[in-house]
Amino acid sequence: MAQKNSFTTEAEDRQIEEAFREVLDGYLKSNHRKKVEIIERAFRFAKEAHNGVRRRSGEPYILHPIAVAKIASQEIGLGSTSICAALLHDVVEDTEYTVEDIEQNFGKKIAQLVEGLTKISGGIFGDKASAQAENFRKLLLTMNEDIRVVLIKMADRLHNMRTLGSMAPNKQYKIAGETLYIYAPLAHRLGLFAIKTELEDLSFKYEHPDAYRRISEKIAATEQQRNEIYANFARPVMKKLDAMGLKYTAKARVKSVYSIWNKMEKKHIPFEEVYDLYAARIVFDCDDPAMEKSICWQIYSAITDIYKLHPERTRDWISNPKANGYQALHLTVMGPDGNWIEVQIRSRRMDEIAEKGFAAHWKYKVGVEGEEESELNVWLHTIQDILEDPEPNALDFLDTLKLNLFASEIVVFTPKGELLTLPTDATVLDVAFNLHSQIGCHCIAGKVNHKLVPLSHRLNSGDQVEVLTSHSQVPKPEWIDFLSTAKGKSRLRVALRKLRQPAIATGKEIFSQFLKEHDIADDNVAITKVMGLYKTANRDDFYYLLGNQEIVLNDYVVKTLRKQSSTTKRLLNKLLRRQTKEETPGAETTPGKRGSINMKEIYVLKLDADGNGNFRFSDCCNPIPGDAVLGFVDDDGEVVVHSLDCPRANALKASFGPRILSTRWDVGAVTFLAHIRIEGIDRHGILHELISLISSNLALNIRALDIRAEKEVFFCDLSVMVTDVEEVNDLCGKVKKIQGVEKAARISI
């Protein structure tokens, strides 16, 4: 957030000039053509335009575009055109200058980039409930015009995340949430691995500060031990590579804080049991790209001569690069300490592309900077398919988009030998829609490796796939469950819409007339509420049922819409007004009545002895007091509480940022249901000890207890009433002290 201040101090002027000098110095060391004059003019222009404006942190605003330009140049590898656009990216949005002024001073290309960046930034708080989803749609549309717009936007988002500490807590939740939900996967898909990792870690830092601090401290505490393990592993490998006459660098790459936490959460294990904390990486110099593949396999052979190879964890991304351009040879071997260690083998060219993505591709291509990339174009065509859907549900749109952003990949072949890259769990039907909409619509079955399979058959990497079709076949709604690709889901929805269009059009007219007759606003709030009443997944399903006379609108619908209309609008107007005001960090308030919230910084979650309060728990993640949570204001003006790491909460933050509330627990001694999974090695008497501890010593209110032994191991699922998350942690800690218990952790059901 910016604020006006009429002057900068001499010290600040020196700071600004030094920051810009760092941008220029980095640019002059790059391989780009040296267009210093236009960069200096762009800097002076932006500095004058933002004169007297400060960021929320208090520093001069011009330092932000300078930082974005530095990231675009030195961390993504873009050239003078992009540096100028980064310096000017907020001028049109925040000052009186226009795109025409930019074009007149800096030319058409820079003006187009600035205009694209301005379009992305606009309209966040428009009249649509799904405004953020619409914003991401604009972001993706600009890819077809110039991929550099999106790369500069990535630089902008990265700097905003690096300086997020000056924002109020609710803004931190919102920005961190949409970053983790959309921008990090987008960076991954564009091949910006270093930026993707930093965005994830920074988002995690603000959403789970305590967990971030604990894991960071443990990484630092185990550094010496890891260095010793790596040195023992690398010593014989480096000796052999030196004897081969290779010029290379070898280093250990520690897993990021976020990826470590992810593994701990998914596997319900402590930090000490995350054995693959690091991977070894070997990067070699090679002047002849034709020799890179051969050298990779020579290094592979040298390593496997020393250490035992894990037979199922070799990944050849050289012969078949990932869709984002990533190339490397991965293998996993047993190290001298008995732990499995992943080794990544890359050439210098592959390494730069892995870290900087498509921008680095341009450096290694013969031709101009903007030369097209085949892998990128294939992905952009897929995104275009998603964007062509005229009326997707906001959350469906984001979920569909993520299918193609962060999916693991497999490679399959057509009978003619054409290679197709698809997400893991893709089906025959995915292949059919990938080839063409009409092939998908008429698909009846497939042949995988010459064997007949149903269209729902899930594929493995290396499969040969033939699609069988019939003119009498028509697309069916249940096919959506068979699809794993964004392209397939989008094309199926378009096909179904064409079949159902007459009934949908009729239903839309009926609903519009119904609202008009009862003097109810025809807006997104009304349609969203009615979709909830009739339990329809999207508006087309609702219109179809209405037009097909499978549902009928009645007086109850009228009462429901009128009841929620005034409350919701009043509350959302307060939320939107709050976005435009200066916020005071750390402010706190006691909540008012449900549906009429005093919009300050922290919303206090309260419950009385009977369990009645000013919020309700979401049924998707079932949080309990003590969990890190956020509040979401639904269409009834009710605050719904989600765990911070709940997938649905991430989608809500990305789509409905203004409705997100920072929260604090104050719920007294009310009890809540928690589910705990216990696993261990079976031995005589262990189940009796476990039952005795849970039922007698801890005096807990047990609602369900299921214990089963399978050969040498046992499993226990426990449902128990607790007052807060600390009680759960205490229980798990005591259970893990029983000899033979390997894991005890709370789970979601």
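Here the structure is a predicted model, which is why all the values come from computation and not from measurement.
- There is a side-chain donor-acceptor pair under 3.5 Å between Y326 and R346.
- The backbone N or O of M167 lies less than 3.5 Å from a partner atom in the side chain of Q172, making a donor-acceptor pair.
- In this structure, the side chain of D717 does not engage the main chain of R677 through any donor-acceptor pair within 3.5 Å.
- Under a 3.5 Å cut-off, the side chain of D724 and the backbone N or O of E727 do form a donor-acceptor pair.
- Among the candidates V343, L309, I282, the single residue satisfying the side-chain contact (heavy atoms from CB on, under 4.5 Å) test with Y300 is L309.
- Checked by atom type and distance alone, the side chain of S490 never pairs as donor or acceptor with a backbone atom of K487 at under 3.5 Å.
- Classified by interplanar angle (parallel below 30°, tilted 30° to 60°, perpendicular above 60°), the ring pair F233/Y230 is tilted.
- Side-chain contact of S484 with D425: a donor-acceptor pair under 3.5 Å is absent, judged by distance alone.
- Using modelled atom types, no side-chain atom of K251 and backbone atom of A280 make a donor-acceptor pair closer than 3.5 Å.
- With S643 contributing its side chain and C646 its backbone, the two residues share no donor-acceptor pair below 3.5 Å.
- Between the side chain of D463 and the backbone N or O of N460 there is at least one donor-acceptor pair closer than 3.5 Å.
- A donor-acceptor contact shorter than 3.5 Å is absent between the side chain of D201 and the backbone of E198.
- Heavy-atom minimum distance, A176 versus M161: CA-CE, 4.2 Å.
- A perpendicular orientation is assigned to the rings of F617 and F615, their planes being inclined by more than 60° (bins at 30° and 60°).
- Side chains of H64 and D156: a donor on one and an acceptor on the other come within 3.5 Å.
- For H208 and Y212, the gap between ring centers reaches or exceeds 6.0 Å.
- Heavy atoms only, all atoms of each residue included: I345 and F284 are closest at CG2-CE2, 4.1 Å.
- Although no hydrogens or angles enter the test, the distance criterion places no donor-acceptor pair under 3.5 Å between the side chain of T332 and the main chain of W340.
- Of the N and O atoms on the side chains of Q225 and E223, not one donor lies less than 3.5 Å from an acceptor on the other residue.
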